[in-house]
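Structure first, commentary second.
Chain identifiers are assigned alphabetically (A, B, ...) following the order of the sequence lines, protein sequences preceding nucleic acid strands; residue numbering begins at 1 within each chain. All values derive from a computational prediction rather than experimental measurement.
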4 protein chains.
Amino acid sequence: MARSKSEDKRVLILQTSKTLFADKGFFNTSVSDIVKETGLPVGSIYTYFKNKEEIVKVIIDEGWEDLNTRLQENFLSTKDPKEKMKILLEEFLPELFEDLDLITILLGEAVDYTKLEEKLEELTKLIFSILKALSGNSYFAESLSKKEMEAAVIVYFLGILHAVRLAKSTPIGISQDDIMRIVKVTINSAMGVEI
Amino acid sequence: MARSKSEDKRVLILQTSKTLFADKGFFNTSVSDIVKETGLPVGSIYTYFKNKEEIVKVIIDEGWEDLNTRLQENFLSTKDPKEKMKILLEEFLPELFEDLDLITILLGEAVDYTKLEEKLEELTKLIFSILKALSGNSYFAESLSKKEMEAAVIVYFLGILHAVRLAKSTPIGISQDDIMRIVKVTINSAMGVEI
Amino acid sequence: MARSKSEDKRVLILQTSKTLFADKGFFNTSVSDIVKETGLPVGSIYTYFKNKEEIVKVIIDEGWEDLNTRLQENFLSTKDPKEKMKILLEEFLPELFEDLDLITILLGEAVDYTKLEEKLEELTKLIFSILKALSGNSYFAESLSKKEMEAAVIVYFLGILHAVRLAKSTPIGISQDDIMRIVKVTINSAMGVEI
Amino acid sequence: MARSKSEDKRVLILQTSKTLFADKGFFNTSVSDIVKETGLPVGSIYTYFKNKEEIVKVIIDEGWEDLNTRLQENFLSTKDPKEKMKILLEEFLPELFEDLDLITILLGEAVDYTKLEEKLEELTKLIFSILKALSGNSYFAESLSKKEMEAAVIVYFLGILHAVRLAKSTPIGISQDDIMRIVKVTINSAMGVEI
DNA sequence: AATGAATGAGTCTTCATTCAT
DNA sequence: TATGAATGAAGACTCATTCAT
């Protein structure tokens, strides 16, 4: 009977904001910037989102869920931990790297709304279980307690994210490919398996 | 050698701002917050610093330089790369971890003013040179190009920083000690040397 | 005689708004508050009322008319001014006091739309005519001109309304009963008649 | 060493706001109206007052205190309750009536910030004590309990205020003088004393 | 040099009303 | 007629920085 909320507009706001937040930062992006960039009237921003904060939250949550969903789908194809690790390295990470804006926001100013630790926990558990299955006889596994392995995963994952983000925005002289390669070598070396 | 009154004020502003920036974030800290916390008149802030941005810059630059200076001093005591690595792990990192506020600001909202990449570059070169000297016969070094080793150092270092920061502010279930331990194991394992 | 569905909605809007206006004030009640409270779609509000302003107007006008109608009906039963005064005091006032929301709105923020003076005028004339009939030999009447008696009625009536309203919303330490009693005493005393 | 806050500006804001609040109502007066009318920059409003609400509060509190102070000063000149009543009627009330804007705001929309009941309580106590001293042998006092006399004072005072306000803004056909006169007659009649 | 009032562009958000469906 | 998304002017307030004193 009345216009129904347009998914298109919602997505437009989300995508525009994502780019702006990643480029200029959350605090340096004003609602009025989003308005200008989307071409929508101010009011419309607020018919689709409660406030500016909710926009970042949704960007992060939906972005992360998306990645996760695709990862889970890929995981359905196999039970072999080696295969799973391969999927993680060759599907998940590249996809994540693709979404530099998401990484930037995830690590950036909006940390308060980002619940990075929750995302990390999920992922850590997952990776940890794969590593455990893989690491029957590796040096790495022998010398590290469970908690230390978890720490290792967290450190490594955060390092990767931050490095990729930095590689994009500043001239640190390394590329995504460099990062991908050392990840693989590390896994191979640490796990004693060739991925 | 007594500090002048002005130097006291400069330091007061710096320390107060550092705490505030680390606790509430750069953008959520107003100059007026700094004024309230220091008890100084607003004008004073601007006689010591050009603007809010310069305050963060100085916090980071001086903080980093401090760490660096002490590292260099420690390095004077030896030429042995193994010893140097030890210093890095047992002096530099703990000191850095001590200064969580600095890490938080370094990785946080003020990224634009932080020149993280420059700091990283210095450090990377240094660590890289040590690793190279150490790694005569390690598997790690054989399979990684120079650039990849640099990438590894960056990833690892950023990972450590971010993990320590996160461990402080959220319940991710790992401690600074866990992190320290896996760093050591990694070095040992990767380099084939016992530190 | 069954109320039509639309009449139900109109009344719902009116009653809900009345409570809201009395509780939170006219300006602090948004149309969207009315929408939430009634459960009706915004559009509906505007099919029944031209705008927010008209809602208050109708609340007041219909509320007042209601009281008046009942008063007039009661008055039909007698011609005796003393009886009429009794009706005024024992039927009309208690009924009015019953409707605190109406009083609150009448005296409150919506004064611009309320035409309080018109309501007052009607009532003043009525009361005045009764008083005149009653006051053949009272001290009060002798010493007051017509205009002054009107002023007295207005002052008294407004005072009663305001006091009742204040007694409801704040702890001024007097009750509706106290007010009713002094009204009666005043009339008795001023008019020299026992009501 | 720096400009000090200007009492002139504070007063300008207060007076301008008072007129605007009385004329258009608190909610229909925007801070920007005050800005336009005073010619001050927005920021200045907020260097002198925390927010819009505080402006009304100060208008009312200082206005009321002013009246009170002058009343107390006048009261110093006598101990005779009859004299005091005279002062109340011939000094205080006329002064109050002079300040119609204050009355309008006091009774108007800003009721939430106005603490009308507190003002009323003070005054009621004062008047009550005078009446008590006066009323040795009056009919009024005999037939009314303490609480009822308080109620009477409240009703009467509120009625006067509201009537004066209404007389100013709408054509209810009575004047301040009419009101003053009936007040006197009422006192005389009720107290049995000639003021 | 020290002070803190002055400034006004800019912030996010609200809201009564309209109108496409 | 019923609906609720769309609209954008207007709202209160902030804040980094300047500059008169």
Side-chain angles (χ1 to χ4, degrees), chain A residues 1-10 26-36 39-55, chain B residues 4-6 9 26-36 39-55, chain C residues 4-6 9 26-36 39-55, chain D residues 1-10 26-36 39-55:
Chain A
M1 299 266 190
R3 276 163 284 187
S4 60
K5 267 186 197 166
S6 137
E7 182 60 18
D8 283 358
K9 275 185 202 161
R10 207 189 94 102
F26 178 75
F27 291 105
N28 282 320
T29 301
S30 67
V31 172
S32 132
D33 288 335
I34 299 172
V35 163
K36 273 172 216 144
L40 296 172
V42 213
S44 282
I45 307 293
Y46 289 88
T47 81
Y48 288 89
F49 299 92
K50 210 175 88 236
N51 51 34
K52 194 183 158 190
E53 187 179 321
E54 212 210 22
I55 300 180
Chain B
S4 68
K5 210 152 182 201
S6 339
K9 278 188 203 160
F26 178 74
F27 291 105
N28 283 321
T29 300
S30 66
V31 172
S32 136
D33 288 335
I34 299 172
V35 163
K36 272 172 219 144
L40 296 173
V42 212
S44 280
I45 308 291
Y46 288 88
T47 72
Y48 291 97
F49 299 93
K50 209 176 88 232
N51 50 34
K52 194 181 159 191
E53 186 179 323
E54 213 209 21
I55 300 178
Chain C
S4 69
K5 209 147 182 204
S6 337
K9 278 187 203 163
F26 178 74
F27 291 105
N28 283 320
T29 301
S30 66
V31 173
S32 136
D33 288 335
I34 300 172
V35 162
K36 273 173 217 142
L40 295 173
V42 212
S44 280
I45 307 292
Y46 287 87
T47 70
Y48 291 96
F49 299 92
K50 207 176 91 234
N51 51 33
K52 193 182 159 189
E53 187 179 323
E54 213 209 21
I55 300 178
Chain D
M1 300 261 188
R3 275 162 285 188
S4 60
K5 267 186 199 167
S6 136
E7 183 60 16
D8 283 358
K9 275 185 202 162
R10 208 189 92 102
F26 178 74
F27 291 106
N28 282 321
T29 301
S30 68
V31 172
S32 132
D33 288 336
I34 299 172
V35 163
K36 273 172 218 145
L40 296 173
V42 213
S44 282
I45 306 294
Y46 289 89
T47 82
Y48 288 89
F49 299 92
K50 210 175 88 238
N51 51 35
K52 194 183 158 190
E53 187 179 322
E54 213 209 21
I55 300 178

Answer with base, sugar-phosphate or nothing: what part of the nucleic acid does [X] contact at a heavy-atom distance below 4.0 Å?
X       : value
A:Ser30 : sugar-phosphate
C:Lys50 : nothing
D:Val31 : sugar-phosphate

Rounded distance in Å - [atom1] ([X]) to [atom2] ([N]):
X       : N      : atom1 : atom2 : value
D:Ile34 : F:dA12 : CD1   : C1'   : 11 Å
B:Ile55 : F:dT17 : CD1   : C1'   : 12 Å
D:Phe49 : F:dT14 : CZ    : C1'   : 18 Å
A:Glu53 : E:dT13 : CD    : C1'   : 14 Å
C:Lys52 : E:dT17 : NZ    : P     : 8 Å
B:Asn28 : E:dT11 : CG    : C1'   : 13 Å
A:Tyr48 : E:dT13 : OH    : P     : 18 Å
D:Arg10 : E:dG4  : CZ    : P     : 19 Å

Nearest-nucleotide check on DNA chain E, D:Thr47 vs A:Asn51; residue mapping nearer the 5' end is D:Thr47

With both distances kept under 3.5 Å, what pairs with E:dA1, Watson-Crick or G-U wobble?
->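 Partner of E:dA1: none found under 3.5 Å.
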
Name the pairing partner of F:dA9, where a pair is Watson-Crick or G-U wobble with both distances under 3.5 Å, or state none.
->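 In the structure as shown, F:dA9 has E:dT14 as its Watson-Crick or wobble partner.
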
Check whether any side-chain N or O of D:Tyr48 sits under 3.5 Å from a backbone N or O of D:Lys5 as a donor-acceptor pair, and report yes or no.
-> no

Sidechain-backbone polar pair: D:Tyr46 side chain, D:Lys52 backbone, donor-acceptor under 3.5 Å |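 No, the answer is negative, given that no donor and acceptor are paired below the 3.5 Å cut-off.
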
Is there a side-chain contact between [X] and [Y] (heavy atoms, below 4.5 Å)?
X       : Y       : value
B:Ile45 : B:Ile55 : yes
A:Lys36 : A:Ser32 : yes
B:Leu40 : B:Val35 : no

Residue whose nearest DNA chain F nucleotide is more 5′ - C:Gly43 or B:Phe27 |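 Mapping each residue to its closest nucleotide by heavy atoms, the 5'-most match is C:Gly43.
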
Pick the nucleotide of DNA chain F nearest each of D:Ala2 and C:Ser44; which residue has the one closer to the 5' end?
->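 By nearest-heavy-atom nucleotide position, the 5'-most residue is C:Ser44.
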
Taking OP1 and OP2 of F:dA5, is either one under 4.0 Å from a side-chain nitrogen or oxygen of A:Lys9?
->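 Checking F:dA5 against A:Lys9, no side-chain N or O comes under 4.0 Å of OP1 or OP2.
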
Given F:dT7, is OP1 or OP2 found less than 4.0 Å from the side-chain N or O atoms of A:Tyr46?
-> no

Listed nucleotide nearest any side-chain atom of A:Ser32, set F:dT17, E:dT11, F:dA6 |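 From the listed options, E:dT11 comes nearest.
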
Proximity to the side chain of A:Arg3 - top-ranked nucleotide from E:dC19, E:dT7, F:dT17 =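 My answer, after comparing the listed nucleotides, is E:dC19.
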
